[in-house]
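Below: the structure, in structure tokens.
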Amino acid sequence: IMMNCDIKMEPKTSSITDEYDVDWNQKLGTGISGPVRVATKRSTGEKYAIKVVVDRPKAQQEIQMHWKCSGHPHVVTLYEVYRNELQFPGESASQSRLLLVLELMDGGELFFRISKQHGFTERHAAATTMQIALAVRHLHGMNIAHRDLKPENLLYKNSSEESPIKLCDFGFAKLDNGDLMTPQFTPYYVSPQVLEAQRRHRRERSSVSVASPYTYDKSCDMWSLGVIIYILMCGYPPFYSEHPTHRRAIDRSMRRKIMNGTYNFPEREWERVSEPAKDVVKKLLCVDPHERLNIEDLVQHPWLNEEVPDTLLQSPVYMSNKANMQETVALHSSHLRKMRIPDRPSNLKPIESAVNPILVKRQQIIRQEEEGRKMHSPSPPPIDPPYIRALRDTIAKCVLPKKSLTPEEQKMELETAMVRALNEAGDNEEVKTMLRQFAWNGTSFAHEVDNFELAHSLKTILKAELKQ
Ligand SMILES: Nc1ncnc2c1ncn2[C@@H]1O[C@H](COP(=O)(O)OP(=O)(O)OP(=O)(O)O)[C@@H](O)[C@H]1O
């Protein structure tokens, strides 16, 4: 495997037409950034795909991410990039554009190809999954999350039966060094303690990083894989809306299903599917990202390593219904968009300033109460009781320990926060029972604790407290 890891891609500034003959009329496919075209290299006669994007920081980021990942047998190769001033028909002026010279993938998108395949079996599905998983392992191993893993971004090299499948479109790929943004800590808002810990973490983050399986963005890729495998096996998605009128958007009922992990394996298509296949799906569609398989677990899973039955699958039948398929794919995209939301800092507001309608309502109520109270007393209402604050603080210490401290000092900080939370809780039995599992002796942990597990248990208690 060729690695571009540490080399920055520098776009060429000469005209692409010096070396390539670009066919501006033939379109290979169209994404949000415009059509992807075919070009022929003059010196060799070889064909390439050219993706043209406006020269903006986001596109530059896409190129650097793609460049880093390029060279793997299951990642579409990025050969070179041009920076050219181009004016397309209908435009009043030329614009600086980046032209990505990509390996030409002539075999079509994943589901389209499968819809045409007679005799698609579970064994084929496992072999396909393995290829996709290897691409994802390549990315995650470099701490890069793709964040847009969907069937349109999985392309076949050619139409032969042995054609490899490869991952493309690094438009949302992101370096994922293990930020705290695991969904269990960011359901609708982030507590101020967590925000503060995050800011500190960002400041402290060193350039050296270790691959960590639990980060939010990577876990989203794993969830996407779960959805893709599910669809490969049966042809329809695991989560769908009850209200067909606005099927393209993720409505509340669907969101609830996703959040609760409510899906099933309908008999008709799943009856003959092997247990290991169902096991993979279950473990990838696990709601709690902490329990979800990571990429290493997936690559090692029996389904991808042991003999898989040659059972004929129903998926091509459903996939050949174009309207259905478009809807399935659109829904998946829509969910990916939602999952990327924690990205935008504006969505990471502490509860006091969040814009979520429920929270806005809550703020209104608080304000009304406040107004009422102001008439009687000048003191501001407390936002969170000290116990809740102490619990949140302990969670923040678990998931984002100060990097400037030694592991020993980090453990002490966590223990101090734990003691404070216990004092504030007035010896809460539930907390004590939970702590016994972590060998808590009253003031410290007797042996090493898994911080994420502890954070998870604390969060369960916190949630229960907030409900009361
Ligand atoms: N190397 C390639 N060879 C052949 N077709 C390609 C290639 N790259 C992309 N395509 C086609 O063009 C489509 C859009 O490409 P890509 O996903 O890179 O663009 P995008 O504008 O970032 O799209 P998206 O809307 O998915 O973010 C793909 O779904 C695929 O059908």
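Numbering of ligands and ligand atoms starts at 1, following listing order. What's counted below: heavy atoms across the whole structure, side chains too, no hydrogens, waters or symmetry copies.
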May I ask you to check whether [Y] and [X] place their ring centres under 6.0 Å from each other?
| X | Y | value |
| --- | --- | --- |
| Tyr230 | Trp270 | yes |
| Phe265 | Tyr263 | yes |
| Phe88 | Trp24 | yes |

- Item | Separation of Arg83 CZ from Ser96 OG (nearest 0.5 Å) | 5.5 Å
- Reported NZ-to-NE2 distance for the pair Lys68 and His138, which is rounded to 0.5 angstrom: 10.5 Å
- Item | Cation-pi, Phe172 ring and Lys58 (6.0 angstrom, 45 degrees) | yes
Pairs under 3.5 Å, nitrogen or oxygen of ligand 1 with protein nitrogen or oxygen:
from, atom 1, to, atom 2, distance (Å)
ligand 1, 1 (N), Glu103, O, 2.8
ligand 1, 3 (N), Met105, N, 3.0
ligand 1, 17 (O), Asn153, OD1, 3.1
ligand 1, 17 (O), Asp169, OD2, 2.9
ligand 1, 18 (O), Lys51, NZ, 2.8
ligand 1, 19 (O), Lys51, NZ, 3.2
ligand 1, 21 (O), Ile32, N, 3.1
ligand 1, 21 (O), Ser33, N, 2.9
ligand 1, 21 (O), Ser33, OG, 2.4
ligand 1, 22 (O), Lys51, NZ, 2.8
ligand 1, 22 (O), Asp169, OD1, 3.1
ligand 1, 22 (O), Asp169, OD2, 3.0
ligand 1, 23 (O), Asp169, OD2, 3.4
ligand 1, 25 (O), Ile32, N, 2.9
ligand 1, 26 (O), Asp169, OD2, 3.2
ligand 1, 27 (O), Asp169, OD2, 3.0
ligand 1, 29 (O), Glu109, OE2, 3.2
ligand 1, 29 (O), Glu152, O, 3.0
ligand 1, 31 (O), Glu109, OE2, 2.7

